[in-house]
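Single-structure report; data block below.
Keep in mind that what you see is a predicted model, and the values were worked out from it rather than measured. Protein chains get the first letters and strands the later ones, always in sequence-line order, with residue 1 at the start of each.
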Amino acid sequence: MSNDTATEPEQSPAPASPVKEPAASGLPSWAVQGLVSLSAIVLALVVGAILIIVGDDEVKAAVGYFGAAPLDTLSAAATAVGEAYKALAVGALGGMNPIAESLTQATPLICGGLAVSLAFRTGLFNIGAQGQLIIGAILAAYVGFAWHLPPVLHLVLAVVAGLIGGAIWGGVVGLLKARTGAHEVIVTIMLNYVAIYLLQWLLTTTTFKRPGREDPISPIVDPNAQYPQFGDTRLHIGFLLALLAAVFVWWLLNRSTIGFELRAVGANADASRTAGMSVGRAYIIAMVVAGALAGLAGTQQVLGTDLPLTDGVAATVGFDAITVALLGRGTPLGTVLAGLLFGALNAGGLQMQLQTQTPLTLTTVLQAVIVLFVAAPALVRSVFRFLPKERGIGAVLAKGWNG
Amino acid sequence: MSDTTVTDTVREPAPAAIEAPADRTRRLRVGGLMLVFALIGLGLAIFTGGGKATFQLVSGDLENNLLGVPAQPVAIVLGALGIFAAVAYVMRRVPQKYSGWLAVVLGVCFIGAFLCWAAAGKTFPLANQFQGTLNFATPLILGALAGVLCERAGVINIAIEGQFLVGAFTAAVVSSTTGSAAAALVAAAVSGVLMAWLLAVFSIKYLVNQVVLGVVLVVFASGITGYLFDQFLQEDAEALNTPSVLSAVKIPGLGDIPFIGPILFNQTILVYLTYLAVAVVTFVLFQTRWGLRVRAVGEHPKAADTVGIKVKRVRYSAVLWAGVLAGLGGAFFTVGYAGSFSKEMTAGNGFIALAALIMGRWHPIGAMVAALFFGFATQLQSQLQIIQTPIPGELLLMAPYLATVIAVAGLVGRVRAPKADGEPYVTE
C-alpha cells in the first residue's frame, strides 16, 4: 500500500509529457529483468556489507572508542568490507584458475537448476533435485568403479546410468502425482531423505565400500569413466554437457510439441485437460526429464569433481539448485546465468573465507537475499526509483497446493 | 459425504449400500495396502524367535516393572488380527463411519507384531520409546500448528524450517546471556514472529510466490544463523552458547499415574505449552469468530472481503501468531533438548512438520497425530539400533519418510488444501 503511494509522486511529473510514459517502460523486458536482477545483487551486497562490519573484530575494537575517534570505526568498517569483497571477486574471477573454479562450481548448479526450472514450467515444484542427484551419483559411481570398460564407452555408460537413476527418482514423483494426486512437494522432500539414507547404507556395504577403509567412501572411479579435464584445473567437460543440457531444455520447452504441452499444463492444467492434453502424462514426462537433469548433475559431481562416492557427494547442490532456478525465473538462459553467478559466489566465498576469515555462510545469505529481492521487484523499485515499472516480471512460476 | 447419509438413512437392506466408483477404487487401493502390511506383519510373526519379549515400563529400571510376553504367540495373534482388520476393510464388513478405525487397529497390530519380532529374547525399553516419541514430536507439533494457522489463512508456509533455526538460535543466545528460561522462550517466539513478518510482508504486500518465498527464507535463515554462529558463537562459546536446558516439571497427581504419568506429565514447560497450543489452536480455529475469519480468508477471500472482513489484516495476524508457535518449536531444539546451538541443527525437521501438516489434512489434531507418528518412527529407529535388530539403521531411518510417501499417495490421496492457499489477495 505504502509502496503505491510512494511511487505516486515519482510519476506525477509524467502526465505533463504523456508521450514519455511508454518510452520509460518501453525497455525490452529482458533489459528490465536484468536491471532488477543487478539492483538486487547490489542490495544483497549492501546487506552482506552490514554483516561483515558487524562481525569484524577490528570494527568491534574501534567501536569501543567510537566517541573519541569515530573515523576509526568508519575506516575499519570500510577496510573490512573492501578486503572481504576484494577476496570474493578475486577468488571468483581473478585469473584462469579462479574462473575455472567458478565454472566447476557452477556446473552441477546449472544442471540442478534446469531440473527445477523444467518442473516449474510444468507447474510442479521440484524440491527433490537433491535426491535425484544422489541416486544419479550412486548409479554413475557404481558403473564407474565396478565396471572396467574401454575409454569413451565407459564414460558414456556411467553418465547414462546417472541419467537413468535420476530419471527413475524423479519419475516416481511424477507417476504418484499423476496417478494418486500425491503432492510433489511432500513426495520430493521425503524422497530426498530416502536417497541420502540409501546412500549412507550403501556406503557401509561391501559392494560400495573401498577395501581397507572404515569411513564411508567408495573406490575411485576408473580413469576411463572420468570426465576429461581442461588442463590442470578442476574444470571438466561436464560443464559443456551442462550448457548442452540448457540448450536441450530450451529446445524442449520452446520448440517441441511435448514442451508446448508441458508449458500449457503449467499455465493452466484445467484448460489443458479440456483441450485434450493428458495432464498426468505431462507431469510424468516433466519429472522424468527433470530427474535425468539432476542425475546429470550427480554424474558431474562424482565423475568430474569428487571421483569417489561419499555421503557428502551432493553437498547442498540440490537445494541451491532451487534458488538458482528461482533467480533464473524458470528459463534455461536465466538458469545458466544464475548458475554461473552462484558458482562464482561459491568459489569466491571459499577464497574470502581463506583470506579474510569471513565465513562462507555469508555467501548463503547473499544468495538468499538476491533471490528474495528478485522475487519482489516492487521492493527493489521502492529503493531504486529509476527502475521502470515491469510488465510480467515476478510472474507466478509455481502455484499453491491446489494448482 | 452423500454416501454416508445413504447408508445411514437406508439402514434396512444389508450392507451392500451404494458406493461411488471413486470411493470404490480408493477402498480397494487402501485395502490392498492394508493387506500388504498385514501380510508383512504376519510374516514377521512367523519368523519371530522363541523366548520372551520383555518390555521395560519404567525408563532406566531394568529390574522391576517389566512386562514379559511370549514373543511368537503374541506376534501371531497380532498378525492374525491385522489380517482380519484388513480383510474386514476390503470386504466392507464395518459401517463406513468406523472403517478408519480398522486402519488404526491394523497399525497397532503391525507395530506390536514388529516389536515382538524385534524384541524376542531381548528387553525393549518401551517407556523410553514413548518418551522419545514425545521429544521428537514436540517441535514437529508446534511447527505443524504454525503451518495450520498460516495455511488456513491462505498463506503457504514452507519456511517453518527457517523459523525453527532462528528460534533455536535466539533461545540459545538469550538463555546463555540472561540465564533466564522465560526470557529465552519469549525471545524465541519474537524471533519466530520476525521471520513470520518477513513471510507476511513479502507474500501479502509484495505478492511474492509463497512456495518460492518459503524456500528462500529457509536459505536466508540458515545463512544468517550460520554466519552469526561462525562470527560470534564460536569465538565466544562460553558466554553466548551455553544455554541451560529447561528442567522437567512434574504435575502433581497426573504425574503419578503409572506408565503414562512420567511420560506425559513430567516434562518441560515447552511440552506443556505444546499440549496447550494444540487445544487452543483447535478451539480458536473452529469455535471463535477470529478462527472463522481465518478460515474464510483462506477459502474464499473475495467473499470474506464482501462481508467486510479485512482480508490482509486477518492474514497478517494468522501468520504472525503462527510465528510465535514456530519460534517456540525452534527453542525446543536448544533450550528444550540439546542445549547449545549448532549450524543447521534443525536438520530438516521444519519440512517434516510441513509433511505432518499435509498428512494431517490441515487440521490441528490431524497434524498432531502425524507429528507423533514421525516422532514414534524416529525414536523406534534409535531404540532398535540399541537392541540390535538385523535391519541396518540407515534403512530404518528411511521408514518414516517412505511411510509418508505411502500415506500421501495411498491413504490420504488427493488432500484438499484451503482453497485460496498460496494465492495473494489483490483488490481491484
Side-chain angles (χ1 to χ4, degrees), chain A residues 1-3 51 54-57 125 127 172 176-177 179-183 185-187 189-194 197-205 319-320 322-323 326 358-369 371-372 375-379 394-403, chain B residues 29 151 154 156 158 198 202 205-213 215-232 235 312 343 348 351-352 354-355 358-359 392-395 397-398 400-402 404-405 408-410 412-423:
Chain A
M1 277 300 164
S2 65
N3 180 45
L51 284 176
V54 169
D56 189 69
D57 287 331
F125 197 59
I127 302 192
V172 167
L176 288 179
K177 168 101 180 171
R179 284 287 161 78
T180 71
H183 201 280
V185 168
I186 297 304
V187 176
I189 290 174
M190 296 301 137
L191 286 183
N192 283 346
Y193 286 102
V194 174
Y197 290 128
L198 186 66
L199 172 61
Q200 286 176 1
W201 173 67
L202 285 173
L203 285 172
T204 65
T205 61
F319 298 113
D320 297 345
I322 302 172
T323 32
L326 297 181
T358 309
L360 187 58
T361 34
L362 183 73
T363 56
T364 314
V365 179
L366 289 182
Q367 292 171 352
V369 174
V371 180
L372 198 56
L379 178 64
V396 176
L397 288 168
K399 297 184 208 72
W401 298 129
N402 298 313
Chain B
R29 187 195 291 148
E151 304 211 353
I156 291 182
I158 293 205
L198 282 180
F202 278 93
K205 183 171 177 192
Y206 291 108
L207 315 178
V208 176
N209 178 287
Q210 292 160 14
V211 177
V212 170
L213 178 60
V215 172
V216 175
L217 284 180
V218 172
V219 178
F220 178 72
S222 132
I224 202 104
T225 54
Y227 181 79
L228 294 176
F229 177 81
D230 284 336
Q231 285 288 39
F232 296 98
E235 285 180 17
K312 291 185 179 180
K343 265 198 253 183
F351 291 110
I352 308 291
L354 181 70
I358 292 179
M359 268 176 86
E394 291 86 357
L395 294 190
L397 275 170
M398 274 184 209
Y401 306 111
L402 277 178
T404 311
V405 173
V408 172
V412 186
R414 289 179 204 278
V415 289
R416 206 189 67 83
K419 188 147 186 300
D421 205 1
E423 291 171 14

Can you classify the ring geometry of B:Y206 versus B:F202 as parallel (below 30°), tilted (30 to 60°) or perpendicular (above 60°)? tilted
With chain B as the partner, which of A:I127, A:I189, A:V187 has the greatest number of non-hydrogen pairs under 4.5 Å? A:I189
A:V369 meets the side chain to side chain contact (heavy atoms under 4.5 Å, CB included) criterion, sequence neighbours left out, with A:A44, A:V47, A:V365, A:F373, B:F220
If you measure from CZ on B:F232 to OH on B:Y227, what distance do you get to the nearest 0.5 Å? 7.0 Å
What part of A:V54 is in contact with chain B, defined as an atom under 4.5 angstrom from a non-hydrogen atom: side chain, backbone, both or neither? both
Ranking A:T323, A:T358, A:T364, A:V194 by heavy-atom pairs under 4.5 Å to chain B gives rank one to A:V194
Closest heavy-atom pair, B:V208 versus A:A376, reported as atoms and distance to 0.1 Å, is CG2-CB, 3.6 Å
Per side chain to side chain contact (heavy atoms under 4.5 Å, CB included), A:V371 is matched among A:L366, A:I322, A:L326 by A:L326
Checked B:Q210, B:K343, B:E235 vs chain A; the most non-hydrogen pairs under 4.5 Å come from B:E235
Under 4.5 Å from a heavy atom of chain A, the part of B:V215 involved: side chain
Just to verify, what does A:L360 make a side chain to side chain contact (heavy atoms under 4.5 Å, CB included) with, not counting sequence neighbours? A:L350, A:Q353, A:T363
Under 4.5 Å from any heavy atom of chain A - which part of B:I224: both
Chain B contact via A:L51 - which portion, at a heavy-atom distance below 4.5 Å: both
